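Letters A, B, ... mirror the listed sequences (proteins, then strands); counts begin at 1. Here the structure is a predicted model, which means the values were calculated and not measured.
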Amino acid sequence: MNGILELVAGLLVISGSLFVLAGGIGALRMPDFYTRIHGASLTDSLGPVLVLGGLMIYAGLSLITVKLAAVMLFLLVTSPTATYALANAALLAGLKPEGVERMPTGPEEGA
Amino acid sequence: MLLVAAIAILVTMALALARALLGPSVYDRVLAVNMFGTKTVLLIAVMAFIMGRTDFLDLALAYALINFIGVLAVLWFVQESRKRHPSGTGAQASTESNTE
Amino acid sequence: MRLMRPLLAVIALFAVWLLWGGLYKTPVLQLGIVSCVLVVWLTYRMALPDQQEHRLALLYRVPLYWLWLLWEMVVTNVQVLRLVLGPRSALSPTIVEVDASASSKFALTLLGNSITLTPGTLTINIDDTRLTAHCLTRAAAEDLRGGGMARRVAAVDPD
């Protein structure tokens, strides 16, 4: 039982770090600034969730799990905020996205 | 297995550093530094388990806080300096946004 | 009544302090109380938190939304993973605008962050009436324009 749990935790951590690695590659090889953000956001979304989730299984039920959950929650709230601040600052500074197509506002969202 | 993850995160940090050095605009560099910071948090968390020193997790949280505030501060600084010197570093962003 | 919210904030912060510290000596606890009060005072001095009513329903609706968002993140992460490692010709960057005139500030923040958090879509501008997003592919933009996420956010905070 313990062995299986540990295996699952290890697999979660490894798959998370693979997403992180792919995001690093994306941030390096995407063609322009805005697409590079998409690459980097790959490292900021599922990567931390999987890595910290795996570590939480390692730790079992204890204060450590609470701390890991706090780190995860904090990362998930701040990283999109920081990314938005960055993208918006670049946009306001006049950095144009490349080769984009514009779509009109959709008919029925908002609710 | 944790060691593999730690190495993967380290490689990602190296890639982020490469992006920070390549630029080309200030914003690319800030993006790379932000990425480097969040990956440091993950690396500290993984290292805490490898070394069996779970008190490192407090450092991870503190680092996450500092990184977030730091990125916002740098962005604010770039914006302010663009207002004062419109021909300064920030303005290069629009002219040399693409290099291969 | 005006003191109620800052007081609750101090108590919540102090609970976190106790949880983190694990060192229950008098000077440490005194330092904790002082720093919690200082943080709340600084926050109020900087900007009064917005006076939107905090409904208890959000306490269970937001975690439920997070579960859905987690699944959405898995799907989009795999899509973007393919795009990142695949050929560059697969990219079709698109900018799309989502109407958000009916949302509260909380819903707008939640929607903007959710869009950024799912790779492939990225919020680049928010004003009172609409939200501009940069998408990695046409398909992702179509999805966003379909309004599935906006509807779910609106269900979390309906006003």
* Asked: So which residues of residues 75-86 of chain A are in contact with chain C at a heavy-atom cut-off of under 4.5 Å?
  -> A:Leu76, A:Val77, A:Ser79, A:Pro80, A:Thr81, A:Thr83, A:Tyr84
* Determine whether C:Thr123 and C:Ile126 make a side-chain contact, defined as any pair of heavy atoms from C-beta on separated by less than 4.5 Å. => yes
* To do: Step through the shown structure and confirm whether more than 12 heavy atoms of other residues, nucleotides or ligands are within 6.0 Å of CG on A:Leu61.
  => no
* Measure across C:Leu131 and C:Ile115 and return the closest heavy-atom pair with its distance rounded to 0.1 Å. => CD2-CD1, 3.5 Å
* Asked: A:Leu42 versus chain C, heavy atoms under 4.5 Å apart: side chain, backbone, both or neither?
  -> both
* Minimum heavy-atom separation for C:Met73 to C:Thr118, with atom names? -> CG-CG2, 4.2 Å
* Structure fact -> Correct closest heavy-atom pair for A:Ile57 and A:Val8 would be CD1-CG1, 4.3 Å
* Matching residue for A:His38 among C:Val84, C:Leu136, C:Thr137 - test: side chain to side chain contact (heavy atoms under 4.5 Å, CB included) -> C:Leu136
* Would you kindly say whether A:Asp32 and A:Thr35 are connected by a side-chain donor-acceptor distance under 3.5 Å? => yes
* Indicate yes or no for a side-chain donor-acceptor contact from A:Arg36 to the backbone of A:Met30 under 3.5 Å, with no hydrogens or angles considered. => yes
* **Under 4.5 Å from a heavy atom of chain C, the part of A:Leu46 involved** => both
* Hey, which of C:Val74, C:Thr116, C:Leu83 has the most heavy atom pairs under 4.5 Å with chain A? -> C:Thr116
* Asked: So which of A:Gly47, A:Ser45, A:Ala89, A:Gly26 has the largest heavy-atom pair count under 4.5 angstrom toward chain C?
  -> A:Ser45
* To do: Using non-hydrogen atoms and a 4.5 Å limit, figure out which bit of C:Thr121 sits close to chain A: side chain, backbone, both or neither.
  => backbone
